[in-house]
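Within every chain, numbering begins at 1; the chains are lettered A, B, ... in the order of the sequence lines, protein sequences first and strands thereafter.
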Amino acid sequence: MSREKIVELIEGAVAAAVEAGEIPPVADVSVALERPKRLEHGDWATNLALVLAKHTGARPRQVAEALARHIEPVPGVVSCVEVAGPGFINFRLAPEFVRGILFEIDARGDGFASSDAGGSRRVQVEFVSANPVGPLHVGHGRWAAYGDALVRVMERAGFDVQREFYVNDYGTQVANFGRSISARYMEALGREATFPESGYAGRYIVDIADRIVEEHGEEYADLPDEERSRLFADAEYPRMLESIRATCERMGVGFDVWFSERELYRKGEVERTLAELEERGEAYRSEGALWLKTSEYGDEKDRVLVRSNGEPTYFASDIAYHHDKMLRGFDLVIDIWGADHHGYVARMKAAMDAMGYGAEHLEVILGHLVRLYRAGEPVVMSKRTGDIITLDELLDEVGPDAARYFFLQRTSDSPLDLDIDLARKESPENPVYYVQYAHARICSILRFAAEQGAGDRVPSPRDVALLDTAAEMDLIRKLAELEETVVICARQRAPHRLTKYAEELAALFHVFYRDCRVVTEDEGLTAARMFLVKGVRRVLKITLGLLGVSAPDSM
RNA sequence: GCGCGUGUAGCUCAGUUGGAUAGAGCGAUGGCCUCCGGAGCCAUAGGUCGUGGGUUCGAGUCCCUCCACGCGCGCCA
């Protein structure tokens with residue numbers, strides 16, 4: 001890749017300048033390299049001279065000129081090196097080197113833009129992790145899209161990543177679920193029932209109860225309430241979990257591991273972890289409860305692990321869970337939580353320290369919520385009242401491609417406003433159609449070319465050299481940006497940048513399409529342009545694939 | 001009250017460890033189809049980057065004040 005070539009040149013110049021006594025030694029050169037925003041500033045630029053000047057108090061431009069003196073253009077690679085502005089060194093690549101990316105795309109195929117930037121670091125990403133007591137809501141959809149795209153992007157950037165869904169199938173939520181079904185069941189039979197205070201009011205609970213009545217009639221009516229509730233909870237949460245899995249599947253999101261909280265308890269991992277923390281002197285007893293000294297690791301106060309009634313808290317099992325993750329050998333664990341859990345981050349990180357792993361092995365990404373609107377009016381969403389728009393309903397209305405793309409357009413750490421009426425319009429306001437259209441259009445061109453009998457030989461470098469208009473070169477340069485874009489997305493945990501890349505690439509293609517006819521009388525030019533267009537198609541497909549959005553041949 | 005997050009064009013939002021003249025889509029206005037898909041392209045208008053200070057060669061980006069909005073602050077999960 002061109003980046004490495006430029007870094008080489010800069011490193012050489014730095015070494016030469018240091019030897020000549022013109023500048024002090026420099027640690028790392030590669031970080032100072034960036035793509036200028038403006039084309040007239042070249043293909044690559046470094047602010048290294050500015051950074052050096054800052055440390056030494058020298059004049060930035062003088063440092064830049066000293067460095068530039070030690071850099072010679074490389075025929076066929078770098079055509080021009082110049083000092084500009086306050087002290088940037090700009091590099092312009094030779095056109096034939098720029099065009100070389102087309103051959104690279106052709107050679108690497110679907111593996112194009114993958115790199116080893118992540119160094120095969122073992123990473124686990126845990127996301128969605130919804131309680132199996134109700135359907136996924138729209139916010140879950142956002143986190144599913146985000147987590148899944150993040151994993152795809154990190155994989156392509158050379159991380160070894162696993163997807164995990166944590167199933168909270170133990171404790172209060174599941175118990176409430178059972179009690180809610182139980183109450184609806186009794187109501188359906190015309191028996192006396194009081195709906196629990198903290199029950200789930202959603203319509204789906206009634207549906208479940210009705211189904212049980214249909215299948216089993218009054219079979220459970222005379223059981224004690226608690227027993228019936230437990231029975232229903234145990235029988236129904238796996239079904240609910242299955243439907244959650246199916247919804248994720250609809251969005252193209254699959255998990256490598258479904259990890260059960262219940263299993264943690266069953267295997268005694270919670271007990272073991274608590275004992276360990278006590279042995280390490282990180283936990284202590286007070287007021288009849290067991291506390292973790294989280295305040296020693298940056299949390300506001302110590303937190304309860306075991307209540308005075310003997311019941312472990314959710315925090316306790318969560319620590320055991322993260323203990324388990326670390327035992328499984330991950331270098332880094334990324335948790336994606338709803339933003340409403342942000343008060344929980346400090347204590348979980350403190351727990352990582354208390355266990356002796358170090359908080360730096362846990363990264364928490366807070367997925368902000370989705371605010372739903374209908375025709376500009378906010379939709380009140382509450383599990384308490386049961387008034388929610390489910391993810392399935394949204395998928396019914398806008399389809400998985402638009403939903404995923406929409407969710408991925410914004411950074412994860414800001415709230416997302418989603419107007420359902422707007423989203424369901426399927427109008428060009430949703431850029432997913434714009435990008436998909438570019439792909440479909442290319443496929444159409446290639447179909448046309450085939451009808452015309454245009455050959456699809458790999459063009460010679462001389463043919464490819466015919467690609468020299470601004471529209472063609474701009475498009476080619478954009479193709480070369482995918483790999484670094486993927487790396488940035490992975491490092492910043494910011495897959496949303498890829499939607500922007502996709503739109504820019506599509507836009508440049510549309511401009512090219514306007515300016516350049518692909519199928520012409522000129523065989524060499526036709527071959528070259530078909531080669532280019534195929535490269536664009538490949539890159540669009542890879543990009544959309546990373547986002548989890550389909551790349552249709554026609555629309 | 002304390003903590004976290006967010007304030008960038010009329011609207012929705014991008015903006016690499018601080019870099020060169022702050023971008024895109026939608027909306028608005030005006031143009032472009034004899035010929036590979038007009039779900040497209042081109043042009044124009046639109047900004048004190050919430051406010052006020054600070055750090056420096058340089059701040060949308062870093063630090064502090066204040067304002068607005070969202071979320072959190074349980075022996076809930």
Side-chain angles (χ1 to χ4, degrees), chain A residues 31-38 40-41 45 47 50-51 53-54 59-61 84-88 90 131 133 168 170-174 176 198 261 286-291 300-301 303-315 317-318 338-346 366 368-369 371 409-411 413-419 422 426-431 433-434 436-438 440-449 451-452 454 484-485 487-489 491-492 494 496-497 499-500 503-504 506-507 509-511 513-520 526 529-530 533 554-555:
Chain A
V31 292
L33 198 61
E34 61 186 24
R35 293 253 187 205
K37 289 191 193 108
R38 314 177 70 83
E40 60 261 39
H41 294 143
N47 64 348
L50 293 161
V51 175
K54 190 183 189 78
R59 284 240 191 82
R61 263 202 90 101
F88 291 97
N90 296 334
N131 293 325
V133 297
N168 298 126
Y170 180 95
T172 339
Q173 303 267 24
V174 173
N176 284 337
S198 50
E261 181 181 12
S286 171
E287 302 166 54
L290 184 69
W291 300 72
E300 293 169 3
K301 48 179 275 197
R303 306 290 177 175
V304 171
L305 294 169
V306 181
R307 303 179 184 97
S308 46
N309 68 4
E311 280 290 312
T313 59
Y314 180 80
F315 186 41
S317 60
D318 220 5
D340 52 343
H341 288 69
H342 73 247
Y344 196 75
V345 176
L366 297 172
H368 275 243
L369 305 171
R371 284 194 296 249
Q409 264 190 290
R410 290 160 182 74
T411 59
D413 57 4
S414 81
L416 173 72
D417 289 327
L418 173 52
D419 192 308
L422 193 69
E426 300 198 7
S427 64
E429 287 163 60
N430 192 331
Y433 298 108
Y434 181 79
Q436 288 182 320
Y437 179 64
R441 205 178 209 185
I442 291 171
C443 293
S444 170
I445 292 171
L446 294 175
R447 282 191 296 268
F448 176 83
E451 282 166 23
Q452 302 298 306
E484 71 209 52
T485 302
V487 171
I488 290 169
C489 287
R491 288 213 178 112
Q492 298 189 176
H496 74 277
R497 286 172 151 258
T499 63
K500 198 166 178 58
E503 287 158 38
E504 288 166 353
F509 167 72
H510 288 309
V511 170
Y513 177 83
R514 182 203 58 195
D515 289 352
C516 305
R517 207 184 150 77
V518 175
V519 182
T520 66
T526 300
R529 286 188 173 159
M530 281 181 66
V533 149
S554 63
M555 333 179 28

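- To the nearest 0.5 angstrom, His510(A) atom NE2 is 4.5 Å from Tyr434(A) atom OH.
- Minimum interatomic distance between Asn131(A) and Gln173(A) (heavy atoms only, all atoms of both residues): ND2-NE2, 3.1 Å.
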Any N/O pairs under 3.5 Å between the protein and nucleotides 10-12 of chain B? List them or say none.
{"residue": "U12(B)", "atom": "O2'", "partner": "Arg410(A)", "partner atom": "NH2", "Å": "2.2"}

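- Between atom OG of residue Ser554(A) and atom CD of residue Gln436(A) there is a gap of 11.0 Å, rounded to the nearest 0.5 Å.
- Distances shorter than 4.0 Å separate none of the side-chain N or O atoms of Lys37(A) from OP1 or OP2 on U21(B).
- To the nearest whole angstrom, the two C1' atoms, one in U65(B) and one in G47(B), are 25 Å apart.
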Could you run down the sub-3.5 Å N/O contacts of the protein with nucleotides 55-59 of chain B?
{"residue": "G58(B)", "atom": "O6", "partner": "Lys54(A)", "partner atom": "NZ", "Å": "3.0"}

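- Residue Glu34(A) places its side chain closer to G19(B) than to any other of G40(B), G15(B), G19(B).
- G25(B) sits 10 Å from A14(B) when the C1' atoms are compared, rounded to a whole Å.
- Arg307(A) contributes a side-chain N or O that, together with a main-chain N or O of Pro312(A), makes up a donor-acceptor pair within less than 3.5 Å.
- Val518(A) has its side chain out of reach of Phe448(A): every pair of non-hydrogen atoms, C-beta onward, lies at least 4.5 Å apart.
- Of all the heavy atoms in Pro36(A) and Ala45(A), the pair that sits closest is CG-CB, 3.7 Å.
- To the nearest whole angstrom, the two P atoms, one in G27(B) and one in C11(B), are 15 Å apart.
- With rounding to whole Å, Tyr433(A) atom OH is found 17 Å from G37(B) atom C1'.
- Residue Asp515(A) contributes atom CG, which lies 15 Å from atom C1' of C35(B) at whole-angstrom precision.
- In this structure, the CD atom of Glu504(A) is 13 Å from the P atom of U16(B), given to the nearest Å.
- Separating the CZ atom of Phe509(A) from the C1' atom of G40(B) is a distance of 10 Å, rounded to the nearest angstrom.
- Spacing of C1' atoms, G15(B) relative to G53(B), comes out at 25 Å, to the nearest Å.
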With the criterion being N/O to N/O and under 3.5 Å, what pairs connect the protein with nucleotides 28-34 of chain B, and how long is each?
none

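- Considering all non-hydrogen atoms of both residues, Ala289(A) and Val304(A) come closest at CB-CG1, 4.2 Å.
- Annotation for Asn176(A) and Ser198(A): closest pair OD1-OG, 3.4 Å, computed over non-hydrogen atoms.
- Annotation: ring-ring contact (aromatic ring centres under 6.0 Å, His included) contacts of Phe315(A) (sequence neighbours excluded): Tyr344(A).
- Across all non-hydrogen atoms, the minimal contact from Arg61(A) to Gly85(A) is NH1-O, 2.7 Å.
- Scored by the ring-ring contact (aromatic ring centres under 6.0 Å, His included) test, His342(A) finds no partners at all (sequence neighbours excluded).
- Counting heavy atoms from C-beta outward, Leu366(A) and Val345(A) have side chains that approach closer than 4.5 Å.
- At least one side-chain heavy atom of Pro86(A) sits less than 4.5 Å from a side-chain heavy atom of Leu50(A).
- Within 4.0 Å of Thr499(A), counting heavy atoms only, lies no atom of the nucleic acid at all.
- For the pair Val518(A) and Thr411(A), both in contact range of RNA chain B, the more 5′-proximal nearest nucleotide belongs to Thr411(A).
- Annotated stems with RNA chain B as a participant read B:1-7 with B:67-73, B:10-13 with B:23-26, B:28-32 with B:40-44, B:52-54 with B:62-64, given as range with range, by first number; only runs of 3 or more Watson-Crick or G-U pairs under 3.5 Å qualify.
- Of the candidate nucleotides U21(B), C36(B), A24(B), U21(B) has the atom nearest to the side chain of Arg38(A).
- Taking atom P on both C76(B) and C64(B), the two are 35 Å apart, rounded to the nearest angstrom.
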For nucleotides 42-45 of chain B, give me every protein contact, N/O to N/O, under 3.5 Å, one pair per line with atom names.
none

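- Nucleic acid contact class of Ala45(A) (heavy atoms, under 4.0 Å, all strands): base.
- Comparing U12(B) with G70(B), their P atoms sit 15 Å apart, to the nearest whole Å.
- Classified by its glycosidic torsion, C35(B) falls in the anti category, the angle being over 90° from 0.
- Every residue was checked against the side chain to side chain donor-acceptor pair (under 3.5 Å) condition with Gln409(A), not counting sequence neighbours, and none meets it.
- Arg447(A) places its CZ atom 9 Å from the C1' atom of G37(B), with the value rounded to the nearest Å.
- Not counting sequence neighbours, Thr313(A) has no partner by the side chain to side chain donor-acceptor pair (under 3.5 Å) test.
- Residues Leu446(A) and Met530(A) come closest through the heavy atom pair CD2-CE, 4.0 Å.
- At the heavy-atom level, His510(A) lies under 4.0 Å from the strands shown only through sugar-phosphate atoms.
- A sub-4.0 Å separation between OP1 or OP2 of U17(B) and a side-chain N or O of Gln492(A) is present.
- Atoms CG and OG, from Leu305(A) and Ser317(A) in turn, are 10.5 Å apart once rounded to the nearest 0.5 Å.
- Rounded to an integer number of Å, the gap from Ile445(A) CD1 to G37(B) C1' is 8 Å.
- Distance, Phe88(A) CZ to G19(B) C1': 4 Å, rounded to whole Å.
- For the P atom pair drawn from C62(B) and C26(B), the interatomic distance equals 30 Å after rounding to whole Å.
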Under 4.0 Å protein heavy-atom contact, by nucleotide of nucleotides 70-77 of chain B - B base, S sugar-phosphate only: -BS--BSB
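- Using a 4.5 Å heavy-atom cutoff, the side chains of Val511(A) and Arg514(A) are in contact.
- Looking at residues two or more places apart in sequence or on another chain, you find no side chain to side chain donor-acceptor pair (under 3.5 Å) involving Thr485(A).
- Applying the side chain to side chain donor-acceptor pair (under 3.5 Å) test to Thr520(A) and every residue at least two apart in sequence or in another chain returns Thr526(A).
- Both Glu503(A) and Glu40(A) lie close to RNA chain B; mapped to their nearest nucleotides by heavy-atom distance, the more 5′-ward contact belongs to Glu40(A).
- In this structure, Asn90(A) reaches the bases: a heavy-atom distance under 4.0 Å links it to at least one base atom across the strands shown.
- Separating the P atom of U21(B) from that of C63(B) is a span of 24 Å, rounded to the nearest Å.
- Residue Cys489(A) is out of contact with every strand shown, counting any heavy-atom pair closer than 4.0 Å.
- Using a 4.0 Å heavy-atom criterion, one finds that Ala449(A) contacts no nucleic acid atom at all.
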